[in-house]
Amino acid sequence: MAATAVVWQPRDDGLAEICSLLEQQISPSSVVDKSQIWKQLQHFSQFPDFNNYLVFILVRAEGKSVEVRQAAGLLLKNNLRGAYPSMTQENQKYIKSELLPCLGAADRNIRTTVGTIISVIVNIEGVSGWHELLPALVTCLDSNDLNHMDGAMDALSKICEDIPHVLDTEVPGLTERPINIFLPRLFQFFQSPHASLRKLALGSVNQYIIIMPAALYNSMDKYLQGLFVLANDPVAEVRKLVCAAFVHLTEVLPSSIEPYLRNVMEYMLQVNNDPDEEVCLEACEFWSAYCDAQLPPENLKEFLPGLIPVLLANMAYADDDESLLDAEEDESQPDRDQDLKPRFHTSRLHGSEDFDDDDDDSFNVWNLRKCSAAAIDILSNVFGDEILPAIMPLIQTNLSASGDDAWKQREAAVLALGAISEGCMNGLYPHLSEIVAFLLPLLDDKFPLIRSISCWTLSRFGKYLIQESGNPKGYEQFEKVLMGLLRRLLDTNKRVQEAACSAFATVEEDAAEELVPHLGVILQHLMCAFGKYQRRNLRIVYDAIGTLADSVRGELNKPAYLEILMPPLVAKWQQLSNSDKDLFPLLECFTSISQALGVGFAPFAQPVFQRCMDIIQLQQLAKVDPSSAGAQYDREFIVCSLDLLSGLAEGLGSGIESLVSQSNLRDLLLNCCIDEAPDVRQSAFALMGDLARVFPVYLQPRLLDFLEIASQQLSANLNRENLSVANNACWAIGELAVKVRQEVSPIVAKVVSSLGLILQHGEGVNKALVENSAITLGRLAWIRPDLVAPHMEHFMKPWCMALSMVRDDIEKEDAFRGLCAVVKVNPSGGVSSLVFICQAIASWHEIRSEDVQNEVSQVLNGYKHMLGNSWAECLSALDPPVKERLARYQV
C-alpha cells in the first residue's frame, strides 16, 4: 500500500509555550525580562521544526492577536536568513506551502509580513527553487480581489527592491523571463483605482531603471505614458515616485526622455512647488541630474526665469527643520554621544591627489533646502553669469527684507550668494568689495543661523579676495574677513562656532602664506576656541590647526608660536587614554604639525613616537584578545598612528633614527603590511616608503620580506579599495630601490611585469598609480637595466606616455636615468616606440641634472645615428612644439 505524505502538525503544548513567549516579548510591561525571553526563543531555535511553529502561528493562529502573529512572522524572517539553507527539504516545503495561501489574508499586517518572508526565501534560493510562487503571484494579481492583489503586489515589490535581477533571468520550465510576465501587469496597475496598488506597481518598475532589462527598454514608451498618467495623482507618495522615475531615467538613460523633454521639464517645474515637501525634494533632484547628464543646456535656459524663484524660495529654512532646534544650542551644553558625527580618516596617499574626496555629508540630513542650493550651484556652473539677471534682483530683495520675521529670507539670500560664488564669479567680481562689505556686518547678526551662513559664504569668496590682496583696499578687506571669522570662532553658539571654524579652514587653504603676518593672532583665537569648545566642535578646531600647519609649514616653527600652540595640545594628549576615539583627530593634527615643524618637532617627538607604538601594539592585541587588551579592536587607531609616524619620518628626516633604532617598529610595520584591511596596508606602505627615504638601514634585516609583500600588492585585484594600497606599495618599492640598489634584484622581474600591466591598462586605474608605476619602473630600470631591457617592447609606449604626464622633479630624473639605461642595453626594443620616447623627452620644461641631460642627448643622437635616413621621417611625425623642444639636443 502506498504511504501518504504526513503533513506536519504542531504539538499543542509547544504552540502554547511559544505563543506565550511571543506575547511577553511584545508586551510593553517593564516587569518582563526581555533578555531572558530572547534567550528562551534562541534556545527553541535549535529544534528543527521551530520555524514550522512560527509559520503556523503567523498563518493559522487566528485566535491570537495580529501583533503576536506578526511577531512570529518577523522572528521567522530573521531565522530563515541564517538557517534556511540547512533546513530539511520537508520543513522548507511546509513553510513555503503555508505562506502562499496567506498572500490574500484579510489583515494587511499579516499580508506584508508574508511578503517580507517570501522575498527572504527568494533572496536565498531564487525563483527556480519555488515553482509554485510565480503562478500564485500571477493568480493573485489577476484575481480582482483587493486583498489578494495587494498581498501579491507587496511581495513582488519587495522582490523587485531586494533582488530585481532574479526576475530578469531564464527560469527552467518557463518560456520567457518572469519580468516579461509581470511588467504588463505592473503597467496595468498604474491605472488602478486603489492608491496602494498604483504606488507598489510604480515603485516596482522604478527598481529596474538602474539595471534596465530588455523588457523595460522595449516598453519604454508604455512606461513613460504611464508616468504621465500618474503625474498628477492625488496621492503624494505616487507623485514622488513619478519624479524619482524621471530623475533616474535622466541619470541612466537620458535618451529615453529626450523626445518628451519639454513635457518632463514643465512637469518638474510644476511639482518643484508641490504642497508635499518630499515631492518637491524628489523633483528638485531633477535639475542637478539634468546638468550631470550633459543634456543640451539650451533646453533648460527658457525654464530658468520660472525655476530660479522656486529654488530660491525653497532654500529658506522649513519651520520643522531640525537645524532650527540645533541653532538654539549654547556652548555650555555638553555634546551627547549621538551628536558626534561618524568620522572618516583618509589614509596617506603618495602621488597626484586625484582620488574622490567628497566631504562626507551622509550624516547630515538631505532636505529640500540643501537640494535647492545644490541645484543653484550646479546651474551657476553650467550657465555662469547668464543666471545673474534672473537671480540677483531676488537676492537683493530678500537681503533687504527687514524685520525679525523675515530672517529666513535673508538667510536664504546669503546662502544663494555663496552657492553662485564660483559659477558666476566673472559677473560678481566687479562687485566683490560691495558684496563683502555687505556680508561682514552679518557676522554680528542677532540670528545665529545668519551668522553661520555668512561665515560659509565669505569663505566661498575668500580665494578671490586673496587675489585682490595685492591692492590696499583688497588687503584691508581680506584682513577684515580674517578677523571677522576669528571673532566668530569664539561665538557662544555651537552652530556658529562650527561654521566659523570650517570656513576658517577653507580660507587657510586658499590663503596659505598670506596668513603668516597674522599667525600670532590666529593661534591665540584657535587655542582659545580649543579651550572652550565641546567635543564635536573640538574636532573641527583640530582640523583648522592641522590645515594651518599644512598652509604655513615651517613659518610655524618659532618659539613664540609654539608656546601658544603646543602646551594645550600636549595636555589634551596626556589626558586621553590609548583607546579613546577622541585621539583620532588629535593624531591627525599632530601629523600635520610634525610635517610642518620638521626638526622643530624634535622636543615633542619621543613621547609622540612611543604613544603611537603603544597604540598599534594595543590594537594588534585587541584584534586577537580584546579582554586582555582591555579594548575593542578599531583599526582606525592603527591607521592614524601609522600616518603620524610617517609625519614624524617626513618632518624629522634622519633625526628619526634615535627614535626607531631600539624599537620593534620593523616587526609591527611588517604585520601591518599584511593586514587584511586595505586602509591599514595603505598607511603601512606609506610609512615603509618614508622610512626608506630617511633611514633605509633600519629596514635592512627584513628587506626582502618588505619588498616581497609590497610587490604582491601590485598583482592583487586592483579594485577601488586596493588601488590606493598598490599606489603606496609601488612608491615605497621605488624609494627603497634607489637606497639599497642591487639588493632589490630578486623582485625586479616580478614588479616590472606587474607595472607593465598597470601601465597598459592605465585608463582602468587612476593618475597617481600610473605616475608612480612609471617612476618606479624607471628606478628599477636604472638599477638593473639588464633585467628590464629584454621586456621593454611590451610597455615602452604606455611608459613613455605616463612619463610625459609626470611633473619635473627628482623622481622624474630617476625615471629617465632608467629609460636611457634600458635603451642603451636594447636600442632596437625602443625603435617602434620612438615617437613616444621623443614626446616623453619633450615633456621636460628643464632638466636640472647635467648627467640626465647628457644621457638623454646620447639616446637621441644614438637613434639619429642608428636610423640614418629614417630619422627625418620619425621627426616629421612629431607635433611642432615637440620638435621645438628637441631642438636643444641638436638632433
Side-chain angles (χ1 to χ4, degrees), residues 349-352 354 673 681-682 685-686 688-689 692 704 706-720 722-807 809-823 825-826 829-830 832-833 836-837 840 843:
L349 183 79
H350 281 278
S352 304
D354 68 333
C673 288
R681 295 201 307 280
Q682 182 181 332
F685 288 115
M688 172 182 150
L704 283 176
F706 278 112
L707 287 169
E708 182 55 42
I709 293 164
S711 67
Q712 286 165 9
Q713 312 304 311
L714 304 179
S715 50
N717 165 25
L718 291 184
N719 58 20
R720 190 185 156 80
N722 290 333
L723 276 179
S724 309
V725 182
N727 178 72
N728 284 2
C730 175
W731 171 79
I733 290 169
E735 289 297 337
L736 207 44
V738 292
K739 288 294 198 299
V740 302
R741 311 294 298 175
Q742 301 298 320
E743 291 178 66
V744 296
S745 301
I747 56 128
V748 169
K750 178 181 177 180
V751 170
V752 167
S753 158
S754 299
L755 296 180
L757 286 171
I758 290 170
L759 291 170
Q760 282 160 12
H761 302 102
E763 69 287 346
V765 296
N766 48 30
K767 191 170 161 226
L769 180 54
V770 169
E771 289 186 5
N772 275 321
S773 297
I775 290 162
T776 295
L777 181 54
R779 286 173 155 177
L780 295 176
W782 173 32
I783 293 157
R784 289 302 305 265
D786 54 321
L787 296 178
V788 178
H791 310 285
M792 61 195 266
E793 280 177 78
H794 298 304
F795 51 74
M796 202 66 184
K797 176 183 163 184
W799 184 27
C800 290
M801 287 165 72
L803 286 176
S804 303
M805 309 306 291
V806 176
R807 64 175 181 269
D809 60 11
I810 302 275
E811 295 183 342
K812 185 166 178 169
E813 284 181 4
D814 287 351
F816 269 78
R817 287 188 171 97
L819 180 69
C820 296
V822 290
V823 166
V825 172
N826 179 12
S832 60
S833 307
F836 297 97
I837 294 175
S843 71

Which residues pass the side-chain hydrogen bond (donor to acceptor under 3.5 Å, both in side chains) test with [X], sequence neighbours left out?
X	result
Ser745	Arg784
Lys797	none
Gln713	Arg681

Starting at OG of Ser843, measure out to CE of Met805 and round the result to the nearest 0.5 Å.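 It comes to 9.0 Å.
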Can you tell me how far OG of Ser773 sits from CD1 of Ile758, rounded to the nearest 0.5 angstrom?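 It is 4.0 Å, given to the nearest 0.5 Å.
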Considering non-hydrogen atoms only, spot the tightest contact between [X] and [Y] and give its length.
X	Y	result
Val788	Leu777	CG1-CD1, 4.5 Å
Ile747	Ser711	CG2-OG, 4.4 Å
Ala692	Leu736	CB-CD1, 3.4 Å
Gln682	Ser724	OE1-CB, 3.1 Å
Ala774	Ala802	CB-CB, 3.7 Å
Ala789	Val825	CB-CG1, 3.6 Å

Ignoring hydrogens and geometry, is there a side-chain-to-backbone donor-acceptor pair from [X] to [Y] under 3.5 Å?
X	Y	answer
Lys812	Arg807	no
Asn772	Cys730	no
Ser715	Gln712	yes
Asn826	Pro790	no
Asn722	Val725	no

Contacts of type side-chain contact (heavy atoms from CB on, under 4.5 Å), residue Cys800, not counting sequence neighbours: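 Once residues adjacent in sequence are excluded, the partners of Cys800 under the side-chain contact (heavy atoms from CB on, under 4.5 Å) criterion are Met796, Leu819, Phe836, Ile837, Ala840.
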Taking side-chain contact (heavy atoms from CB on, under 4.5 Å) as the definition, give me every residue that meets it alongside Ala821, ordered by chain and number, with sequence neighbours left out.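 Ala821 satisfies side-chain contact (heavy atoms from CB on, under 4.5 Å) with Pro785 only.
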Tell me, which pairs form a side-chain hydrogen bond (donor to acceptor under 3.5 Å, both in side chains) where one or both residues lie in residues 750-760, sequence neighbours left out?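 Qualifying pairs, neighbours excluded: Glu708-Lys750.
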Going through the distances and angles, do Ile733 and Leu714 end up as a side chain to side chain contact (heavy atoms under 4.5 Å, CB included)? CA-CA 11 Å; Ile733 290 169; Leu714 304 179; 4.0 Å; yes
Mind checking what makes salt bridge (Lys or Arg N to Asp or Glu O under 4.0 Å) contact with [X], not counting sequence neighbours?
X	result
Glu743	none
Lys739	none
Arg779	Glu735, Asp814

What's the verdict on side chain to side chain contact (heavy atoms under 4.5 Å, CB included) for Phe816 and Glu813, showing C-alpha distance, side-chain angles and the deciding distance? CA-CA 5 Å; Phe816 269 78; Glu813 284 181 4; 6.0 Å; no
Can you name the ring-ring contact (aromatic ring centres under 6.0 Å, His included) partners of Phe706, sequence neighbours left out?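 Once residues adjacent in sequence are excluded, Phe706 has no partner under the ring-ring contact (aromatic ring centres under 6.0 Å, His included) criterion.
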Side chain to side chain contact (heavy atoms under 4.5 Å, CB included) for Met792 and Val823? Distances and angles first, verdict last. CA-CA 9 Å; Met792 61 195 266; Val823 166; 4.1 Å; yes
Are Trp731 and Glu811 close enough, and set up right, to give a side chain to side chain contact (heavy atoms under 4.5 Å, CB included), and what steps lead you there? CA-CA 10 Å; Trp731 171 79; Glu811 295 183 342; 3.6 Å; yes
Within the 4.5 Å heavy-atom criterion, are Pro746 and Leu704 side-chain neighbours or not?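 Sidechains of Leu704 and Pro746: in contact.
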Applying ring pair (Phe, Tyr, Trp, His ring centres under 6.0 Å) as the test, list every pair that has at least one member in residues 769-802; sequence neighbours left out.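 For residues 769-802: Phe795-Trp799.
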